[in-house]
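Numbering of ligands and ligand atoms starts at 1, following listing order.
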Amino acid sequence: RRKTHKQLVKDCTEYGKEQLSHFKKKNQEGEDIHTHSFDELRWRKQESSELEYAAILTLEATKKLKTEGHKETQNRVSTREIKYAAILTLESTQKLKTDTGMCLSELQNDPELLEIWTSLVDCRNFTGTCDENDPYRSADGSCNNLDYPEWGKSFTPQERFVPAHYEDGMYTQFFEWVKSFTPRTNFLSSHYEDGIDYPRDYDLPSPRLISNKLFNDTGEGSYDKRKTAEMMAWGQLLAHDFVLTPTIAKVDCCEQANEDNPACFPIEVPEDDAHFTSTCMNFVRSSPATVGCVPGHREQVNELTAYIDGSMLYGSTKKEMDGLREFSGGRMRCTDTNLLPANPAGMCLKLNPNDVCQAAGDSRVDVVPNLGGNHILLMREHNRIADELAVINHHWDDERVFQETRKIVAAMIQHISYNEYLPGVIGPDAMTYYDLDLSPWGHDDPYDPDFNPSIRNAFAAAAFRFGHSQVMPEQAYLFHDYVSFEHYPLEKEFMNTHMIQKQEGKKVPALMRWLSYDKAMDTDRFFVKEIRDLLFLKNGKSSDLPAINIQRGRDHGLPSYNAFREHCGLSTVSHWNPNADEGLEDHRWSVTRILKDLYQNVEDIDLFAGAITENKVHGACLIDNLKLEKGSVAVNKENEAIKAILNGLVPCSDLPDVNLQLWREH
Ligand code: HEM
Ligand SMILES: [Ca+2]
């Protein structure tokens, strides 16, 4: 006997609620567990927890709804024939439609059912109001786009790329389904094994095995002859302006007690691993979110403003911003010796008596000295400009000076990122090809109100992590003479603020000098052992960053490399032989051979593994992912002509400065 829709939704949401309370019991709030300090670093903030709870409930309820709707669908889901969750979703939707007269899209559009759903599931919508006349960015990124106040706001789900070619014959129905979903979310269906929540792990090789075979730098990796260490460091800083994907719990997933903890998705380490002795590497899943008040699948949160707005300096909520302000003269808080203020709740190592953790707009500031150094640079630049503006415009109050300065500093960050960083990453040709060049007249207005600037899942979980390949094996000081260095192995510097804080910060200029002078590693498939074997080394335990990147992609349900090739307009691959029709192009034979040993099927290659091993050719997927970021600069309200940093060794006094007299108000 079939249940009424009402009863079904009720049962399912009840079940979701039960699952949620299970989860809460297993992962007690604030419970003190002893894992690495940086696992805690990414643990979700309080603001994400509501999203997370609503998501767990929705996901569990949706799963139950699907099973109840049609048991057989679940079996089909776990079979290997169905490679793409897109097809999977289509199949289940169709089956549900014919067999039960009920399907996801129907559910998503049926007002009566939605009402029950909404009453049972705690859905959160943007409730704030926007002040149309506010000339400044909000702290949390809301109201940048008045039609869609939540676009780019902190603590919202990440978006997914749209596969435009779904319009073609084969996927038409799927495309229709996508369209009917909700106009704000366009996504490439997730590659979750159950189509909703469970990461695919069938058949796929262990990420650590992939790392050993594909990313192991046994001398092939080299320094990039044309990129300074600051190229790497700026990339990391920029990433920390636009994305932080929180994890769901503070747990050690390698402990027996957590075997069936839904927060866990540990990485299997091969028995004969050359470095690790344990066969388990900790990995905690990202905090889930769902989109809109409809049944749906798992998405991930971005805790930061997606805009390039200096949020790593200012914070991504009003509360964070207020905590970092001096509230006098428009300045940011700093110590007597001009360092970042201390963060007593920080998780850095404090290896020396005077070391403290740093307070900044992004919680990861202590991860490596190169990052903390750049944070300090920006904080000092803010205060330098604020001091000048306060003199130029005596009548401005603290708020006015602060906001005007923040606007200028954010514009500087955007300018450096699009004028220097991005051309350095993708090259001048790609800049032109993707229409990313800045106007030589200093005024660009490519604002597109219909473009959602939220960070794309695959961009954060895979594409923009290309920078991990540039990470050098050491941190260093370079002294005044530009000859004497002092090097420190990277593995000793993770979460260690000593290089910054020793001698009351006197060595910070030497750290920055090193970044501006020394070289970054080449962007290739090799990762230094300092992050591939020794990431976050503490008490003899460590981790593998590129392996984590791959696992993160699976955790987020990213479709395979092949699906993204399609999305990028490149040929799909169904054969290993590059010369065959639909063969794996854009990879050297030596790489293809390794990939072939690892993956049973060419269509299963993980996005991170497939993309970072590509030959450097025009049109590679990575480039296309970066293109989307243009939305961020497009949305700036301001367009001051700001020309700042020059390369090369010139006295600081010769560098062109921002002409703040232009801000003089009569
Ligand atoms: C010493 C330098 C660096 C270290 C130690 C480091 C470490 C990490 C770690 C531990 C994660 C979290 C991985 C996970 O659990 O999924 C991460 C994420 C990430 N990294 Fe790095 N990274 C470094 C440099 C860079 C650079 C140079 C870039 C880009 C150019 C970059 C881009 C990213 C991005 C986009 C993420 C995802 C952030 C998120 O969504 O939360 N990182 N990195
Ligand atoms: Ca931001």
Side-chain angles (χ1 to χ4, degrees), residues 36 38-39 41-44 137 139-141 144 152-154 158 207 227 229-247 265 267 281-287 300-316 361-364 366-371 374 410 413-414 417 421-422 424-425 453 455-475 490-491 493-495 520-521 523 527-528 530-531 534-536 543-556 608 622 625-626 629 632 635:
H36 280 173
F38 18 79
D39 287 336
L41 198 67
R42 293 167 55 78
W43 184 53
R44 61 144 177 76
R137 290 172 181 281
D140 64 7
N144 206 310
K153 179 183 169 294
S154 56
Q158 295 173 24
K227 292 192 181 76
E230 178 65 2
M231 273 293 290
M232 182 284 284
W234 188 266
Q236 187 180 26
L237 184 77
L238 183 61
H240 294 189
D241 191 329
F242 53 60
V243 68
L244 194 167
T245 313
T247 50
F265 189 34
I267 297 172
M281 189 187 296
N282 194 26
F283 183 97
V284 182
R285 294 197 65 185
S286 293
S287 192
Q300 283 73 30
V301 184
N302 182 3
E303 289 200 339
L304 310 183
T305 63
Y307 303 106
I308 301 178
D309 57 358
S311 55
M312 71 296 215
L313 174 63
Y314 302 110
S316 285
D362 182 80
S363 56
R364 294 162 292 189
D366 294 333
V367 164
V368 275
N370 65 248
L371 181 61
N374 270 310
I413 298 168
Q414 293 184 351
S417 299
Y421 177 73
L422 202 49
V425 172
I455 293 301
R456 271 42 175 187
N457 204 312
F459 179 76
F464 205 68
R465 297 186 185 210
F466 78 94
H468 292 161
S469 175
Q470 299 176 336
V471 175
M472 306 79 67
E474 72 280 305
Q475 299 278 298
L490 180 62
E491 76 267 21
E493 299 305 327
F494 294 127
M495 302 299 286
M521 299 301 288
T523 312
F527 295 77
V528 295
E530 285 72 12
I531 56 167
L534 301 171
L535 178 75
F536 297 149
S543 201
D544 174 338
L545 190 51
I548 288 177
N549 291 346
I550 288 178
Q551 189 78 334
R552 192 61 70 197
R554 294 179 189 175
D555 168 23
H556 290 197
F608 185 78
L622 274 176
N625 283 297
L626 279 161
E629 273 308 290
S632 296
V635 191

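When all heavy atoms are compared, the tightest approach of Met521 to Pro473 is SD-CD, 3.9 Å.
Residues satisfying the side chain to side chain donor-acceptor pair (under 3.5 Å) test with Gln236, not counting sequence neighbours, are Asn370.
Distances from atom 13 (C) of ligand 1 to the heavy atoms of Glu493, His556, Arg465 put Arg465 nearest. Which of His468, Arg285, Gln300 comes nearest to atom 21 (Fe) of ligand 1 through a heavy atom is settled by distance: it is His468.
The backbone N or O of Ile308 lies less than 3.5 Å from a partner atom in the side chain of Gln414, making a donor-acceptor pair. Gln475 places no side-chain N or O within 3.5 Å of a backbone atom of Val368 that could act as its donor or acceptor partner. Between the Ser316 side chain and the Ser154 main chain, no donor and acceptor come within less than 3.5 Å of each other. Under the 3.5 Å distance criterion, the side-chain polar atoms of Gln158 are matched with a main-chain donor or acceptor of Val301. Remark: side-chain polar atoms of Asn302 are paired, donor with acceptor, to backbone N or O of Phe242 under 3.5 angstrom. Side chain of Asp555 to backbone of Ser286: a donor-acceptor contact under 3.5 angstrom is found.
In this structure, Phe608 and Phe527 have tilted ring planes: the angle between them lies in the 30° to 60° band.
Defined by atom type and a distance below 3.5 Å, a donor-acceptor pair is present between the side-chain atoms of Ser311 and Asp241.
Proximity of Met495 to Val367: side-chain heavy atoms (C-beta onward) are separated by under 4.5 Å at one or more points.
When non-hydrogen atoms are compared, ligand 1 lies under 4.0 Å from the side chain of Val367 (C-beta onward) but not from its backbone. In Asn302, neither the side chain nor the backbone holds a heavy atom less than 4.0 Å from any atom of ligand 1. With a 4.0 Å cut-off on non-hydrogen atoms, Tyr421 touches ligand 1 through its side chain and not its backbone.
Using a non-hydrogen distance threshold of 4.0 Å, Phe494 registers as a contact of ligand 1. At least one heavy atom of Arg364 sits less than 4.0 Å from an atom of ligand 1. Put simply, part of Leu545 is less than 4.0 Å from ligand 1, judged by heavy atoms. Look at Phe536 and you'll find a heavy atom under 4.0 Å from some atom of ligand 1.
Around the Ca ion (ligand 2), protein atoms of type N, O or S found under 3.0 Å number 7.
For ligand 1, the atoms sitting less than 4.0 Å from at least one non-hydrogen atom of Ile548 are 13 (C), 14 (C), 15 (O), 16 (O), numbered in the order shown with element in parentheses. Set against the non-hydrogen atoms of Gly235, the atoms of ligand 1 under 4.0 Å away are 29 (C), 30 (C). Using a 4.0 Å cut-off to heavy atoms of Val368, the atoms of ligand 1 that qualify are 1 (C).
Taking OG of Ser417 as the start and CH2 of Trp234 as the end, the distance is 5.0 Å to the nearest 0.5 Å. Atoms CG and CD1, on Leu237 and Ile413 in that order, are 7.0 Å from each other to the nearest 0.5 Å.
At least one N or O atom of Thr245 sits closer than 3.5 Å to an N or O atom of ligand 1. In terms of N/O distances under 3.5 Å, ligand 1 is approached by Arg552.
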